[in-house]
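The block underneath contains the structure these notes are about, expressed in C-alpha cells.
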Amino acid sequence: MQEQYRTLVREGVHEIEINKSRFLCALAPVATEAEAQDFIARIRKEHPAARHHCFAYVLGADGSVQKASDDGEPGGTAGVPMLQMLVRREVRYVVAVVTRYFGGVKLGAGGLIRAYGGVVGEALDTLGTVTRQRFRLVTVTVDHQRAGRLENDLRTTGRTVREVTYGAEVSIELGLPESDLDTFRAWLADTTAGTARLELGGEAYGEL
C-alpha cells in the first residue's frame, strides 16, 4: 500500500488565453470514477457553447486508474498532455477538465500540447496541493481521570487525534504511522502508568 500521495487542496478554475483561444482548466479532488465523470458532465453543462471539453483524471494512491480524452482535438494533443502533467506532478484522486473556446487561430499540434498541459500545471500551482500520509488507526481507552491530560499530551506531541468518545471510559482514536507503533506503545504505557488499553484498527490516509 502506498505510504503517501499528493492531492488537490480544493476545487477551482484557472484560465489562460493563447492566440485568442481561451483555455479554462477546472480541477477537482474526486474519490471515484463516478465522481470524476459527474464533474466532467457538470463542466460540460456550464459551458455549452465551448468547442472542446478535454479531460484527464488519476485515481488510486498508486495512480492505478488513469484516463484521458481529447474530445475532438487532434489525437494526443489534449487529454494525454493533461494526464502527463497530473502524473508528473504526482497528484492522485484528481480530475482536470479543460474547456476551450476557439479564437479563430490554429495553434498546431505542438501549441495545443503546450496549452493543454500548461494550463493544468498552472491550475495546480494556483489551487495548491497537499500530501496525505498512510496511517494505522488505533483506539486508546483510558479512565476519565487521565483522559484530559492524555489527550492534551497526544496533541502537543504532534499526534493526529481523530475522535474522542466519552462513555464509562474515554476512547481516543488516533492515526499513527506504522513505524511509530512500537514507540507509541512504550510512550503510552509510561504516560498512563500502564492503565491505558491500545487497540489496532484499519488503515486510512490523512494530511501530514
Side-chain angles (χ1 to χ4, degrees), residues 1-16 23-47 50 52-100 109-138 160 162 174-181 200-208:
M1 194 174 180
Q2 194 87 358
E3 283 301 311
Q4 62 182 39
Y5 67 87
R6 189 177 297 129
T7 193
L8 195 65
V9 172
R10 60 184 173 86
E11 180 183 318
V13 179
H14 178 72
E15 179 179 345
I16 63 173
F23 295 84
L24 289 79
C25 179
L27 287 179
V30 290
T32 64
E33 283 203 71
E35 285 186 19
Q37 293 294 342
D38 286 347
F39 181 75
I40 294 163
R42 194 181 97 202
I43 299 301
R44 284 184 186 279
K45 190 177 288 187
E46 288 177 5
H47 299 277
H52 305 285
H53 302 280
C54 308
F55 70 80
Y57 56 81
V58 181
L59 302 175
D62 57 355
S64 57
V65 177
Q66 300 181 10
K67 290 200 176 171
S69 168
D70 294 315
D71 193 39
E73 292 282 31
T77 64
V80 170
M82 290 168 62
L83 180 61
Q84 287 174 340
M85 183 60 70
L86 295 177
V87 171
R88 189 183 312 148
R89 294 294 191 90
E90 299 180 340
V91 288
R92 307 290 186 255
Y93 294 105
V94 171
V95 58
V97 183
V98 176
T99 298
R100 181 189 181 191
L112 289 173
I113 289 168
R114 286 190 294 274
Y116 278 101
V119 71
V120 171
E122 287 187 21
L124 288 170
D125 290 338
T126 300
L127 297 173
T129 59
V130 63
T131 300
R132 297 177 72 82
Q133 171 77 37
R134 182 167 67 96
F135 291 108
R136 170 61 71 90
L137 299 179
V138 301
T160 308
R162 295 168 62 93
L174 305 164
L176 296 174
E178 197 82 32
S179 58
D180 193 29
L181 283 176
L200 297 181
E203 295 180 333
Y205 285 91
E207 291 182 19
L208 279 175

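The distance from the CD1 atom of Ile40 to the NE2 atom of His53 is 11.5 Å, given to the nearest 0.5 Å. We find the CZ-OG1 distance between Arg10 and Thr126 to be 8.5 Å, quoted to the nearest 0.5 Å. Rounding to the nearest 0.5 Å gives a distance of 12.0 Å between CZ of Phe55 and OG1 of Thr99. Atoms CD and CD, on Glu203 and Glu178 in that order, are 6.0 Å from each other to the nearest 0.5 Å. Rounding to the nearest 0.5 Å gives a distance of 9.0 Å between CG of Leu59 and CD of Glu35.
A pairwise comparison of heavy atoms in Ala204 and Leu137 identifies CB-CD2, 4.2 Å as the closest pair. Taking every heavy atom of both residues into account, Lys67 and Leu83 meet most closely at O-CD1, 4.2 Å. In this structure, Arg92 and Asp62 approach most closely via the heavy-atom pair NE-C, 3.8 Å. Nearest heavy-atom pair across Leu27 and Ala96 is CD2-CB, 3.3 Å. Met82 and Val98 get closest at one heavy-atom pair: CE-CG2, 3.5 Å. Of all the heavy atoms in Gly76 and Ile113, the pair that sits closest is O-CG1, 4.0 Å.
Taking the six-membered ring for Trp and thresholds of 30 and 60 degrees, Tyr116 and Phe23 have ring planes more than 60 degrees apart, a perpendicular arrangement.
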Take Tyr57 and Val65, measure what side-chain contact (heavy atoms from CB on, under 4.5 Å) needs, and give me the verdict at the end. CA-CA 8 Å; Tyr57 56 81; Val65 177; 4.3 Å; yes

Test side-chain contact (heavy atoms from CB on, under 4.5 Å) on Leu176 and Thr160; report intermediate values, then the result. CA-CA 7 Å; Leu176 296 174; Thr160 308; over 6 Å; no

Could you go through Asp71 and Ser69, starting from their C-alpha distance and side-chain angles, then the distance that decides it, and tell me whether this counts as side chain to side chain donor-acceptor pair (under 3.5 Å)? CA-CA 5 Å; Asp71 193 39; Ser69 168; 5.0 Å; no

Give the C-alpha distance, both sets of side-chain angles, the deciding distance and a yes or no for side-chain contact (heavy atoms from CB on, under 4.5 Å) between Phe135 and Arg162. CA-CA 11 Å; Phe135 291 108; Arg162 295 168 62 93; 5.8 Å; no

Please assess Glu90 against Thr131 for the test side-chain contact (heavy atoms from CB on, under 4.5 Å), listing each intermediate value before the final yes or no. CA-CA 10 Å; Glu90 299 180 340; Thr131 300; over 6 Å; no

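Evaluated for a side chain to side chain contact (heavy atoms under 4.5 Å, CB included) with Leu8, the options Leu86, Val91, Leu124, Val30 yield exactly one hit, Leu124.
Taking the six-membered ring wherever Trp is involved, the centroid distance between the rings of Tyr93 and Tyr5 falls below 6.0 Å.
At a threshold of 4.5 Å between non-hydrogen side-chain atoms, the residues Ile16 and Glu122 count as touching. Counting only heavy atoms from C-beta outward, the side chains of Leu200 and Leu181 approach each other to under 4.5 Å. Using a 4.5 Å heavy-atom threshold, the side chains of His14 and Leu127 count as separate.
No donor-acceptor distance shorter than 3.5 angstrom exists from the side chain of Arg100 to the backbone of His52, with no hydrogens or angles considered.
Crowding of Arg114 atom CZ: a count of heavy atoms from other residues, nucleotides or ligands under 6.0 Å not exceeding 12.
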